[in-house]
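This structure is a prediction, so every number in the text was calculated from the model and none was measured. All values below were derived from every heavy atom in this structure, side-chain atoms included, with hydrogens, water molecules and symmetry-related copies excluded.
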Amino acid sequence: MKIYFILFMFFYTIPCYSQNYLELKKLGKKRKIEFFPGEEIRFKIKNDENFSSARITGIYEDYINFNNIKVDLNNIELIDIRNKSSDTFKGVGYIVSGASLGYFSIDIFNMTVVQGNTLKKSFNEKIGISSLTGIFMGISITFIKKKYFKNQGMNRIRSKKIF
C-alpha cells in the first residue's frame with residue numbers, strides 16, 4: 001500500500017513542477033544557451049535600432065513576457081549572450097601565453113645557470129621573437145568571445161519545458 005501511495009505522489013507531482021525556459025540553439029549542434037524566468041536578458045527586436053534590456057517574467061510557446069510587454073519569439077533579431085557564452089578561448093589564450101613565457105624562462109635559465117653563460121650571451125634572438133609572438137597571440141586569443149545570437153538561418157530560439 002505504501003509503495004502505491006509513493007508512486008502515485010511521484011507521478012502526480014511531476015507535471016506540477018514543469019517550467020518553460022528559453023533555448024537558443026543552432027540546429028545540429030549539442031551546445032545550447034538557456035534563459036529562465038527571472039533572468040535579465042538584453043535583446044534587439046526586428047526593425048528597431050536599439051537593444052532592450054528586461055527581466056523575463058514568463059516564457060510561453062510563442063512569446064516572452066517582460067512585466068506587461070509581450071514579445072513574439074519570431075520578432076527577436078539578436079540576443080546578447082556575452083554573460084552566457086563559454087570562456088574556452090580565454091583559457092586557451094592563458095595557456096598559450098603562459099607556455100611561451102615558460103619556454104623563454106626555461107631557455108634563459110638553461111643558458112645562464114646550467115651552461116654558465118652571462119645573461120647577455122645567453123639571450124637567443126629567435127627564441128625571444130617566438131616567445132614574444134606566442135605571448136601576444138595568447139593575449140589576443142583571450143579577447144575572442146561570441147557576443148550575439150542571431151535569430152536567422154540555422155539558429156533557433158525556442159520555448160522548452162522542464163519536467
Requested in this report: Show the numbers, then the answer: is there a side chain to side chain contact (heavy atoms under 4.5 Å, CB included) between Asn151 and Leu24?
Outcome: CA-CA 9 Å; Asn151 190 14; Leu24 313 176; over 6 Å; no
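- Cluster annotation: Ile81 is connected to Phe43 through the hydrophobic network of ILVMFWY side chains, with a link wherever side-chain heavy atoms come within less than 4.5 Å.
- Applying the under-4.5 Å side-chain rule to Ile, Leu, Val, Met, Phe, Trp and Tyr, the cluster around Leu78 extends to Phe51, Tyr148.
- Qualifying side-chain hydrogen bond (donor to acceptor under 3.5 Å, both in side chains) partners for Lys84, counting only residues two or more places apart in sequence or in other chains: Glu39.
- Applying the salt bridge (charged side-chain N to carboxylate O under 4.0 Å, His left out) definition to pairs two or more places apart or across chains, those involving residues 42-53 are Arg42-Asp80.
- Screening residues 89-106 for side chain to side chain donor-acceptor pair (under 3.5 Å) gives no qualifying pairs among residues at least two apart or on separate chains.
- Linking ILVMFWY residues whenever their side-chain heavy atoms come closer than 4.5 Å, directly or via other members, places Ile45 and Leu22 in the same cluster.
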Output a table of donor-acceptor pairs, distance under 3.5 Å, between side-chain atoms of residues 127-147 and any protein atom two or more places apart or on a different chain; print 'none' if there are none.
{"from": "Ser130", "atom 1": "OG", "to": "Lys126", "atom 2": "O", "distance (Å)": "3.2"}
{"from": "Ser130", "atom 1": "OG", "to": "Ile127", "atom 2": "O", "distance (Å)": "3.0"}
{"from": "Ser131", "atom 1": "OG", "to": "Ile127", "atom 2": "O", "distance (Å)": "2.9"}
{"from": "Thr133", "atom 1": "OG1", "to": "Ile129", "atom 2": "O", "distance (Å)": "2.7"}
{"from": "Ser140", "atom 1": "OG", "to": "Phe136", "atom 2": "O", "distance (Å)": "3.2"}
{"from": "Ser140", "atom 1": "OG", "to": "Met137", "atom 2": "O", "distance (Å)": "2.8"}
{"from": "Thr142", "atom 1": "OG1", "to": "Ile139", "atom 2": "O", "distance (Å)": "2.5"}
{"from": "Lys145", "atom 1": "NZ", "to": "Arg82", "atom 2": "O", "distance (Å)": "3.0"}
{"from": "Lys145", "atom 1": "NZ", "to": "Asp87", "atom 2": "OD1", "distance (Å)": "3.1"}

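- Residues satisfying the side-chain hydrogen bond (donor to acceptor under 3.5 Å, both in side chains) test with Thr57, not counting sequence neighbours, are none.
- Hydrophobic cluster membership for Met111: none, as no Ile, Leu, Val, Met, Phe, Trp or Tyr side chain comes under 4.5 Å of it.
- Looking only at distances, a side-chain donor or acceptor of Ser159 sits under 3.5 Å from a matching main-chain atom of Tyr60.
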Side-chain polar contacts of residues 61-74 - donor-acceptor pairs under 3.5 angstrom, sequence neighbours left out - could you list them?
none

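- Listed here is the closest heavy atom pair of Ile59 and Phe35: CD1-O, 3.6 Å.
- Checked against side chain to side chain contact (heavy atoms under 4.5 Å, CB included), Arg158 has the following partners two or more places apart in sequence or in another chain: Glu23, Lys25, Arg156, Lys160.
- Under the side chain to side chain contact (heavy atoms under 4.5 Å, CB included) criterion, Glu34 pairs with Tyr21, Lys32, Phe36, not counting sequence neighbours.
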